[in-house]
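Single-structure report; data block below.
Numbers for residues simply follow the sequence, beginning at 1. In this text, all values refer to a predicted model and were calculated from it rather than measured experimentally.
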Amino acid sequence: MHKRIWKIASGAMLLTASMLTLAACGNSSANSSKSSTKGKTLQVWTFTTDMKKIINNYYKPMHKNLDYKIKITVVPFENFQTKLDPVLGTKNGPDLIALDASFVKKYVDSGKMADLSQVGIKSASANTTNYVKQVGQDAKGHQVALSWQATPGAYYYRASLAKKYLGVTTPEQMQAKVSTAADFTKTAQEVNQKSNGKIFMTSSICDLFEPMIGARKTPWVVNNKLKIDKSMLDLMDMSKQFVSGKLTQDTTEQSSEYFSGMSSNNIMGYSLPSWGLFYWLQPNAKSSKTGNNTAGDWRVVKGPWSYSWGGTYLGAVKNSPMEHEAAKIAKWVATNPKFQTKWAKDQNDFVSNQSVVKKITPQFTSKFLGGQNQYKQFAESAKDIDGNLLTKYDQTIQKAFVDNALTPYSQGKISKAAALKAFKDTVQNAFPDITVK
């Protein structure tokens with residue numbers, strides 16, 4: 001899955017995975033591989049059930065003559081790293097691992113991931129969205145992880161509410177109302193005023209956090225020093241303005257109240273990634289309590305920020321018994337056009353292969369989005385995303401920022417200076433080797 005847990009890391013889908021390749025190997029190497037793998041089992045560890053679906057419904061049917069078994073172990077997201085870390089690279093560990101974007105860099109930079117160049121990943125990924133490749137590259141530029149999806153973010157809004165309170169009738173008109181952070185705030189105030197405070201522009205301050213964390217110019221850690229991008233200071237001020245001005249309902253992401261707003265008539269919109277459409281919005285558009293159904297009334301625009309949220313990356317474990325086979329699987333899932341085309345059509349997921357995106361974009365329309373072509377929107381948003389923003393420290397640092405700075409400051413509980421000090425102190429305690437000023 002690509003889901004980012006707001007309380008934990010404020011981070012994810014999300015996002016995801018990769019599989020075996022049809023690469024043309026020479027007969028001698030193929031026979032050697034066959035003799036060495038016969039009767040063996042390739043171990044896959046994942047935090048998302050998507051991997052079971054991909055392997056069982058797509059990979060195996062397209063690779064019917066495998067001479068080894070594939071065992072898939074699904075570990076709950078919150079326990080995944082704790083269970084993986086002690087066994088990674090040992091005989092008890094997996095051969096292939098699925099890694100969420102919120103912690104993928106920890107493993108990319110661990111030195112324990114296999115270089116996928118052994119299976120020709122460089123040429124195979126020529127059409128892969130650039131930021132996706134950046135995320136999966138280690139400090140030496142080796143591609144050790146890759147995803148079959150790209151997860152650009154957007155602002156999903158209610159068409160009927162936009163028409164009633166803003167006079168907006170098209171996504172183009174709505175984008176003009178939210179094209180900058182200042183415009184977004186001004187429109188939120190307009191919605192509040194014209195609805196007499198009944199309609200909130202966002203459900204949560206995470207609808208500001210998620211885009212702005214992805215739209216930074218500077219990573220959290222540069223040359224072993226903590227860096228606080230100016231956009232994070234702007235985020236604190238904007239969030240406080242939204243909470244104090246009642247421009248947001250101020251729910252907690254993934255809480256029951258957060259999801260119930262998707263079927264109610266008091267939330268103008270949500271900032272969500274591409275996967276947010278089918279994992280969160282669609283399942284929660286109809287309320288079992290009220291019977292209200294908002295399906296068909298949603299639209300999507302870029303909003304003020306270009307950002308990515310979540311995604312699942314696949315990588316093979318270096319020196320594992322099935323390293324080469326695992327690498328081939330990762331390559332296949334992340335780059336195979338036939339698989340990605342079928343996955344996109346079956347799941348409505350936004351894939352990472354740009355040639356596939358270009359080919360299928362004209363075919364896409366979504367009834368849930370009132371007939372809008374969401375693929376066209378996501379393709380534009382994905383161009384400006386910077387994969388180099390991610391670091392191995394992100395999950396811990398972003399939790400510290402949310403818990404110690406953003407939330408208490410936005411709710412008026414502490415001063416900005418006190419909030420930043422609490423944040424820095426927490427980071428320093430978590431990472432004594434990082435310079436914090």
Side-chain angles (χ1 to χ4, degrees), residues 16-23 25 28-52 54-56 58-60 63 65-77 79-101 103-122 124-125 133 135-148 312-336 392:
T16 297
S18 317
M19 305 191 137
L20 201 65
T21 182
L22 294 171
C25 299
S28 60
S29 61
N31 291 336
S32 171
S33 175
K34 198 165 188 176
S35 63
S36 65
T37 60
K38 191 171 183 179
K40 291 188 176 182
T41 299
L42 191 152
Q43 301 285 345
V44 181
W45 279 28
T46 174
F47 61 91
T48 166
T49 56
D50 278 358
M51 283 307 302
K52 275 193 172 182
I54 289 173
I55 290 178
N56 293 331
Y58 297 86
Y59 182 68
K60 285 184 177 179
H63 300 81
N65 297 319
L66 292 177
D67 60 352
Y68 59 85
K69 297 179 181 179
I70 300 176
K71 181 181 179 181
I72 306 167
T73 301
V74 180
V75 180
F77 181 91
N79 301 327
F80 187 78
Q81 296 178 74
T82 302
K83 289 187 175 295
L84 176 62
D85 289 351
V87 298
L88 184 63
T90 73
K91 64 179 181 179
N92 296 319
D95 303 292
L96 180 70
I97 51 178
L99 303 165
D100 184 73
F103 54 75
V104 63
K105 285 305 254 189
K106 168 184 171 181
Y107 296 95
V108 165
D109 293 337
S110 69
K112 295 183 178 181
M113 306 294 292
D115 186 349
L116 298 180
S117 64
Q118 64 178 284
V119 292
I121 196 66
K122 186 173 182 179
S125 64
K133 288 193 284 190
V135 170
Q137 291 172 352
D138 65 17
K140 295 181 179 179
H142 299 142
Q143 197 75 52
V144 300
L146 206 60
S147 178
W148 72 80
T312 307
Y313 290 75
L314 276 186
V317 178
K318 184 187 294 185
N319 298 325
S320 73
M322 302 287 281
E323 174 189 328
H324 190 73
E325 289 71 28
K328 289 167 69 179
I329 290 178
K331 173 189 172 183
W332 187 86
V333 175
T335 64
N336 186 271
K392 63 183 179 181

If we ignore hydrogens and angles and just use 3.5 Å, is the side chain of [X] paired with the main-chain N or O of [Y] as donor and acceptor?
X      : Y      : result
Lys331 : Val119 : yes
Lys105 : Val135 : yes
Lys318 : Gly111 : yes
Gln143 : Ala145 : yes

Answer whether the closest heavy-atom distance between the side chains of [X] and [Y] falls below 4.5 Å.
X      : Y      : answer
Val317 : Asp95  : no
Ile97  : Leu88  : yes
Leu84  : Pro94  : yes
Ser125 : Leu146 : yes
Lys106 : Gln81  : yes
Met113 : Leu99  : yes

List the atom of [X], the atom of [Y], and the distance in Å for their closest heavy-atom pair.
X      : Y      : value
Ala316 : Ala326 : CB-CB, 3.7 Å
Ala98  : Thr46  : CB-OG1, 3.6 Å
Asp100 : Phe47  : N-CE2, 3.2 Å
Val44  : Met51  : CG1-CE, 4.5 Å

Just verifying a value: how many Å separate [X] [atom1] and [Y] [atom2], rounded to the nearest 0.5 Å?
X      : Y      : atom1 : atom2 : answer
Asp50  : Ile55  : CG    : CD1   : 11.0 Å
Lys133 : Lys122 : NZ    : NZ    : 9.5 Å
Thr41  : Met322 : OG1   : CE    : 7.5 Å
His324 : Leu116 : NE2   : CG    : 11.0 Å
Gln118 : His142 : CD    : NE2   : 12.0 Å

query = In terms of heavy-atom contacts, does NZ of Lys60 have more than 12 from other residues, nucleotides or ligands at under 6.0 Å?
reply = yes

inquiry  = Does Lys52, at its NZ atom, have more than 12 non-hydrogen atoms belonging to other residues, nucleotides or ligands within less than 6.0 Å?
reply    = no

query = Does the side chain of Asp115 come under 3.5 Å of the side chain of Ser117 through a donor N or O and an acceptor N or O?
reply =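 There is such a pair (donor and acceptor under 3.5 Å, judged by atom type) between the side chains of Asp115 and Ser117.
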
inquiry  = Is it true that Asp85 and Tyr107 share a donor-acceptor pair across their side chains at a distance under 3.5 Å?
reply    = yes

request  = Can you label the angle between the Phe103 ring and the Phe80 ring as parallel, tilted or perpendicular, going by 30° and 60°?
outcome  =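 Judged by the thresholds at 30° and 60°, the geometry between Phe103 and Phe80 is parallel.
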
